[in-house]
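A quick write-up on the structure given underneath.
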Amino acid sequence: MIHSLFLINHLGDIFLEKHWKSVISRSVCDYFFEAREKAVDPENVPPVLQTPHHYLISIYRGKLFFLSVIQTEVPPLFVIEFLHRVADTFQDYFGECSESVISDNLVIVYELLEEMLDNGFPLATESNVLKEMIRPPNILRSVVNTLTGGSNVGETLPQGQLSNIPWRRAGVKYANNEAYFDVTEEIDAIVDKSGTTVSAEIQGVIEACVKLSGMPDLTMSFMNPRLLDDVSFHPCVRFRRWESERVLSFIPPDGNFTLMTYHISSQNLVAIPVYVKQSINFFEAGSCGRLDITIGPKQTMGKTVEDLKVTIHMPKAVLNANLTATQGNYTYDCTTKMLVWDIGKLNPQKLPNLRGSLSMQTGVPNPEENPSLNIDLKIQQLAISGLKVSRLDMYGEKYKPFKGVKYVTKAGKFQVRT
Amino acid sequence: MSYTSMSYASNLKTYNPKCQDVPPLAQMPSVLRNEDLKEMLESSKESLKLEAMKRIVGLIAKGKSASELFPAVVKNVASKNIELKKLVYVYLVRYAEEQQDLALLSISTFQRALKDPNQFIRASALRVLSSIRVPIIVPIMMLAIKEAAADLSPYVRKTSAHAIQKLYSLDPDQKEQLIEVIEKLLKDKSTLVAGSVVMAFEEVCPDRIDLIHKNYRKLCNLLVDVEEWGQVVIISMLTRYARTQFTSPWMEGAEFDENKAFYDSDSEEKKDQTEAKPYVMDPDHRLLLRNTKPLLQSRNTAVVMAVAQLYWHLAPKHEVSIVTKSLVRLLRSHREVQYIVLQNIATMSIQRKGMFEPFIKSFYVRSTDATHIKTLKLEILTNLANEANISTILREFQTYVKSQDKAFAAATIQAIGRCATNISEVTDTCLNGLVLLLSNRDEAVVAESIVVIKKLLQTQPTQHGDIIKHMAKLFDNVTVPMARASILWLMGEYCEKVPKIAPDVLRKMAKTFTAEEDIVKLQTVNLAAKLYLTNSKQTKLLTQYILNLGKYDQNYDIRDRTRFIRQLIVPNEKSGALSKYARRILLAPKPAPVLESAFKDRDRYQLGTLSHSLNLKATGYQELPDWPAVAPDQSVRNVEILREWAPIVGKTKQPKSDDKFYSDDEDEKEEEGSDSSGSGSEDSSSSSSSEGLFLSVRFTVSGAFSFHEAKLMLLVISITNISMTAGFGSFLPKLEFITIMISFFYDFFFFCQHCLFPQNDSKNPTFRTSGISLFHMSFQVTTSSFGPLKTYELLHHMTGKGLSAKYHFPRQPCLYQPSMVAVQVILTNSSDHALEEIHIGDQSPASLNIHCFNTIERLEPGASVTVSMGIDFSDSTQAANFQLCTKEDQFSVSIQPAVGELLMPSTMTEQDFCKEQGKLQGMNETSATITMATANASRQAINKQVLSVANVGEVPSSQNNFSSLEARWATETEATICIGSPKLDRRLKNIA
């Protein structure tokens, strides 16, 4: 399976290597660097590469490449999924997944990698299990450890590894028992020039933060479970009960986890919260262009649209932008050619507008395609699909937990073509 | 030096992880630095050692050498500090290969740790021991693996499964021994072990399919609970397994093989006629499909993909589409996941458009997608294009063509070309659109358009003139060689349609010939030759000029071509017969190129594999075998597990007497009921307690009956909730009859697995006896309580020339073979002379398995003799035909069994029964109706009636549901007694 792992930063330096079988020289990465060179953008590097003796499967996350070396046939998704799981674990342990953080915690990273794979086959990937074996760093513990000579490595096999519920640690105790669920929906949409929706779908996720003592058995039911026809669950969810009763029944992991994700496909009707009126023109003559964008609310279900932001990736020929915004600020980065207009709250009475001229490089033919607009937004207290949690019950424990559900709608890959 | 080491030591107290890469450290010569670490390792302070190890691990992580510290590090292998120990392990695994001799020093520590009471320590010792790749310790590793494979802790067993692979890669000669361990571990019931051992199996002996047989059902059933990574491995192994063991569920010539159906639909029809026998899916095949389906909801994308490929390769065609939605969902995942999933969808969408067509909008390209994602989406959109959606797709393509990503724009043009050839309705529209693109500013776009137009024109050889003219005009501006070559080829091919322009183009080319790319030169020579043939007046000189240029070209291909063309077209005395055919050779109508998907041939690889992703065979790729024409023996998957059976036998054997089959509570009720029904009036005793009006008898009959091929299937029949009321007997006198409906549900999925008697008796002598005693008991029930059984006529004495034969089913286990049904035949001689040599002759069907009675030498007049025989009805009610022969005559007779006679009683507790009943699915049902008077509805009476229909046994029952029965009673005039549905799950199999 996975033979070796190299972590490579955006400059192309290998700053960590780990081998689960015999050592493979890091020169194998040269093939990757070649592909990286060719791809121009790091996103464009093909995830699966072939070299004379090895296969390279890589992911790009947080400006880092996780490059794994494979020697024999293996499902590529297996490796990709695992690499992402490694990155998630780092994120979970250190709060972020970046070169500096990994270099700072090299020993813990190494111990983690050691536990996560044995001979290239995943051994323990559950965050709850790992945390029992290798405790995440915190200042207090490192001070105590230095003084007492204690370690942050567990001495016994975590209970979870052996039980039927490997995701939950045993003996959890909290003074305040609470369970929070965040229902977050992201709208992926393509809107064309004329304002008609080309495609729109909703990607929903229920993130949970459960801090409950003992072994609680939770049941979550929905007002309108029929909305959810395409779902994926955390392994803790009992699939059969979902099939028969459309309720989520589960013994939760301790701490933060993704309970479920769902997908409401483009076949359904999806409400689009804002409309965009835009005109971007490039004139052949004066080597300049005009830009005029107005945003207004469309289907917001009576809620306020917040954190509204428009990002435009301008063609290379655009040198500068001289614009005025009626609301919010705009910035134009000449090197990346990114025009960002940060609007903030959308006021339906006074629609935000951005207009002005773009100065173009002379002598270069005008771009034939207008850049598309990427919209970011946030609507609090609303799940745009209409999903609602009706109740959450707890069995198995005596105490009364504090429960909370929060809804947020965001724009995912929301694109307006011009 | 002493200064530096001091400073480090003092740093330690306030150790800050950021110091790991302190600049002075890096600047120091490595020897010095490592000296310093060595000192720390040799100090007596644990914290110093730990610190040193942390820094060493830091070095390893950065890929810097720390091998010279080996002796100092290895000393700490037995440290008490677990973190230090772990870091030493990390070091050992990394460097042991380089320093084999020194590594041996650590072995004894691991051997000791392998015996540690803490499973975690045992496991990690085995992990490290097997990870240090030192060939000399192979025997020690082997021993350790064998011991660990029998460890009580599943975690240690899991580790041993991993160690198998490591040892195998270290020393492949150990294969045979390792396979033994794998075989043993495959039997493990722990979900923790399952994934790892299958992984070891895949690595060490993927061809030993025979090891899987007995574990197949277990693996299928465990699958949902196995950890996600194991699931992926098991699913892909089971996909291969299923391909070798089951027959194809794909109907011949069904919609799947579209190509095939296109070409030889006639022969397909013929085939259909010849192979008309209906396909029946192996229950094990169905089991696999059923148990993997919930995993489509997994959060792990690799699992979802694994299930998707399993369905693609194994499921009947109409079931494959259930994976669509899940695959589309994965498209929202990380970019790399998208890439792989899109690749697989691309392959799938070629064969099955319908699967993804409803989701077409999910494949629309966004400007923020990575290039490889865009191209894959484009590929899929093109595959999905059909008459109905082509206009929407083309509108999308129009947007894409304008993309700033020129590579993507070029790919879109190719896609348009493919749509145009595939869907004839839009060819013209596409062509016009592409011609418009010729005036695009971007060269790549223009070049691509020309190439695609060239291909399209070939497929549409009617209306070229204008387009070719247009292209000729563009010719001067086009610089991409491929595009120029394409234009030249078009000129030559259709030179007769543009007689004025073509020579002019050739003239221009003659000027620039030397500066052109090779491919353009070749096409120029081509054009010249064609023009020479069609229009030699105008172009003779030009052609000769070009041929001369070509003759001295630097490229030998061009020189070759020039020489060849000259000989072919210019007539001279040496030119052979070929020049006569020059015109036919050069201007032959050429078949249009087929614009195909790049994923056309990817389906030769199993979906979801690395090979599929790379489109080449990766090392270690296991071919997915083709379906076998005839399924191999299904019985190999049967499992006989006896341990769990024995105690149940013991338990159920105790209630010998009928009364004890019932709980006390029920006994009372029952007596009450029989009293009142016996008197037929409302008794004071029952009326006094109004609730006591209702009598409920609930009893359960269980039986086992023999099924396919020497297998006994356990069939359980329960009579639940036979409920009567004494009171109603008088209130509603009309309620006279209780209809007893007996339904035998048997689950065909499982019948093969239940072997009441193991075929190999010698292996399980104890089991056999317990089985017999069980039967003995059930038999007692049947015969003692319900008297003689029905006798059927086999041969009438009139037709039998004096010999008459009658038979009945004694309901005893057949002595000859467990799968046989015992039949007793009474032969009577009613003639006036003795009959000799009575025996059984020909049997039909030929496959019929009959154990014949010994030939009866002589039967005196008036005498009768009872013989017993065994017939294997193969669990069907098909009649067994055979001939009854005497010395002189032969009589054809047949025995047709009732379903009830095929059964065998079996004993189980009520809980077991209910459990099995609850799980029943995929049922077959047989029912018989028994009518009897209410007055007679005592337990015995019902029992008797039931038993007259089927050979079953009772299951003790303890509970009744009065209230629900009350309701039922009140609304119905007839009582339906439902007789339960036995479903057999694994546990039951074991019981059986």
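Letters go in sequence order (proteins before strands), and every chain restarts at 1.
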Pairwise side-chain contact, A:I80 with B:T301, heavy-atom cut-off 4.5 Å (strictly under): no
Test item: A:P371 and A:H313 side chains (from C-beta on) under 4.5 Å apart, heavy atoms: no
What part of B:V341 lies closer than 4.5 angstrom to a heavy atom of chain A: side chain, backbone, both or neither? side chain
Highest number of heavy-atom pairs under 4.5 Å with chain A: which of B:K85, B:Q165, B:H334, B:R395? B:H334
By a 4.5 Å heavy-atom criterion (distance strictly below it), what part of A:D192 contacts chain B: side chain, backbone, both, or neither? neither
Got B:H372 and A:E43 here, is their nearest side-chain heavy-atom distance under 4.5 Å? no
Sort B:R366 into side chain, backbone, both or neither according to what part of it lies under 4.5 angstrom from a heavy atom of chain A. both
With chain B, the option among A:D118, A:I190, A:V237 that has the most non-hydrogen atom pairs under 4.5 Å is A:D118
Among B:E203, B:H612, B:E396, B:E227, residue most engaged with chain A (heavy-atom pairs, under 4.5 Å): B:E396
Using non-hydrogen atoms and a 4.5 Å limit, figure out which bit of A:Y60 sits close to chain B: side chain, backbone, both or neither. both
Ring centres under 6.0 Å, that's the criterion: do B:Y91 and B:Y95 meet it? yes
So which residue, B:Q309, B:E98, B:R335, B:E97, ends up with the most heavy-atom pairs under 4.5 Å with chain A? B:R335
When the 4.5 angstrom heavy-atom criterion is applied to A:V45 and chain B, the contacting part is backbone
For B:L126 and B:S160: C-alpha separation, side-chain torsions, deciding distance, then whether side chain to side chain contact (heavy atoms under 4.5 Å, CB included) applies. CA-CA 7 Å; B:L126 180 62; B:S160 80; 3.8 Å; yes
Go through the atoms of A:S22 and report whether side chain, backbone, both or neither lie under 4.5 Å from a heavy atom of chain B. both
Among the options B:E228, B:M305, B:R133, pick out the one with the most heavy-atom pairs lying under 4.5 Å from chain A. B:R133
Any non-hydrogen side-chain atom of A:L56 less than 4.5 Å from a side-chain atom of A:T51? yes
Which bit of B:V226 is near chain A, if near means a heavy-atom gap under 4.5 Å: side chain, backbone, both or neither? neither
Would you call B:N81 and B:L50 a side-chain contact if the rule is heavy atoms closer than 4.5 Å? yes
Excluding sequence neighbours, so at least two apart, what forms ring pair (Phe, Tyr, Trp, His ring centres under 6.0 Å) with A:F414? none
Indicate yes or no: at least one non-hydrogen side-chain atom of B:S236 is less than 4.5 angstrom from one of B:E202. yes
Engaged part of A:L117 at the chain B interface, taking heavy atoms whose separation is under 4.5 Å: backbone
Which bit of A:S58 comes within less than 4.5 Å of chain B, counting heavy atoms only: side chain, backbone, both or neither? backbone
Given heavy-atom pairs under 4.5 angstrom as the criterion, report whether the side chain, backbone, both or neither of B:S613 touches chain A. side chain
Side chain, backbone, both or neither: which part of A:L16 has an atom under 4.5 Å from a heavy atom of chain B? both
Should the heavy atoms of other residues, nucleotides or ligands under 6.0 Å from NZ of A:K21 be counted, would the total exceed 12? yes
Of all of B:V93, B:V337, B:V232, B:N300, which one pairs up most often with chain A through heavy atoms under 4.5 Å apart? B:N300
Can you label the angle between the A:W242 ring and the A:F233 ring as parallel, tilted or perpendicular, going by 30° and 60°? perpendicular
A:E114 bridged to A:K18 by N-O distance under 4.0 Å: yes
Under 4.5 Å from any heavy atom of chain B, what part of A:F82 do you find: side chain, backbone, both or neither? both
Which one, A:H53, A:H19, A:H234, leads in non-hydrogen pairs under 4.5 Å with chain B? A:H234
Pick one of side chain, backbone, both or neither for B:V303, based on which atoms fall under 4.5 Å of a heavy atom in chain A. neither
B:I373 versus chain A, heavy atoms under 4.5 Å apart: side chain, backbone, both or neither? neither
Among B:D225, B:L616, B:V57, B:D369, residue most engaged with chain A (heavy-atom pairs, under 4.5 Å): B:L616
A:F15: what forms a ring pair (Phe, Tyr, Trp, His ring centres under 6.0 Å) with it, not counting sequence neighbours? none
Test item: B:E46 and B:L84 side chains (from C-beta on) under 4.5 Å apart, heavy atoms: yes
Distance col, row A:C29:SG vs A:E17:CD, nearest 0.5 angstrom, shows 8.0 Å
Of the listed residues (A:M260, A:E126, A:R240, A:E243), which shares the most heavy-atom pairs with chain B below a 4.5 Å separation? A:E126
Toward chain B, the part of A:Y55 with a non-hydrogen atom under 4.5 Å: side chain
How many angstroms lie between CG in B:L610 and OG1 in A:T72, if you round to the nearest 0.5 Å? 8.5 Å
If you count heavy-atom pairs under 4.5 Å with chain B, which of A:V109, A:V198, A:L49, A:I57 comes out on top? A:V198
What orientation do A:F121 and B:H162 show, parallel under 30°, tilted 30 to 60°, or perpendicular over 60°? perpendicular
Stepwise, does the side chain to side chain contact (heavy atoms under 4.5 Å, CB included) test hold for A:I202 with A:D188? CA-CA 6 Å; A:I202 295 173; A:D188 289 355; over 6 Å; no
Quick one: what part of B:Y621 sits under 4.5 Å from any heavy atom of chain A, side chain, backbone, both or neither? both
Contact part of B:Q338 toward chain A, heavy-atom cut-off under 4.5 Å: side chain, backbone, both or neither? side chain
Please rank A:R85, A:Q50, A:M1, A:R26 by heavy-atom pairs under 4.5 Å with chain B and give me the top one. A:R85
Inspect the contact between B:R332 and A:E201 and indicate whether a charged nitrogen and a carboxylate oxygen are less than 4.0 angstrom apart. no
In terms of heavy-atom proximity below 4.5 Å to chain B, should A:Q71 be classed as side chain, backbone, both, or neither? backbone
Heavy-atom cut-off 4.5 Å, strictly under: side chain, backbone, both or neither for A:L7 against chain B? neither
At a heavy-atom separation under 4.5 Å, does B:R94 approach chain A through its side chain, its backbone, both, or neither? both
For A:A189, which atoms come within 4.5 Å of any heavy atom of chain B: side chain, backbone, both, or neither? backbone
A:D41, part contacting chain B, at a heavy-atom distance under 4.5 Å: neither
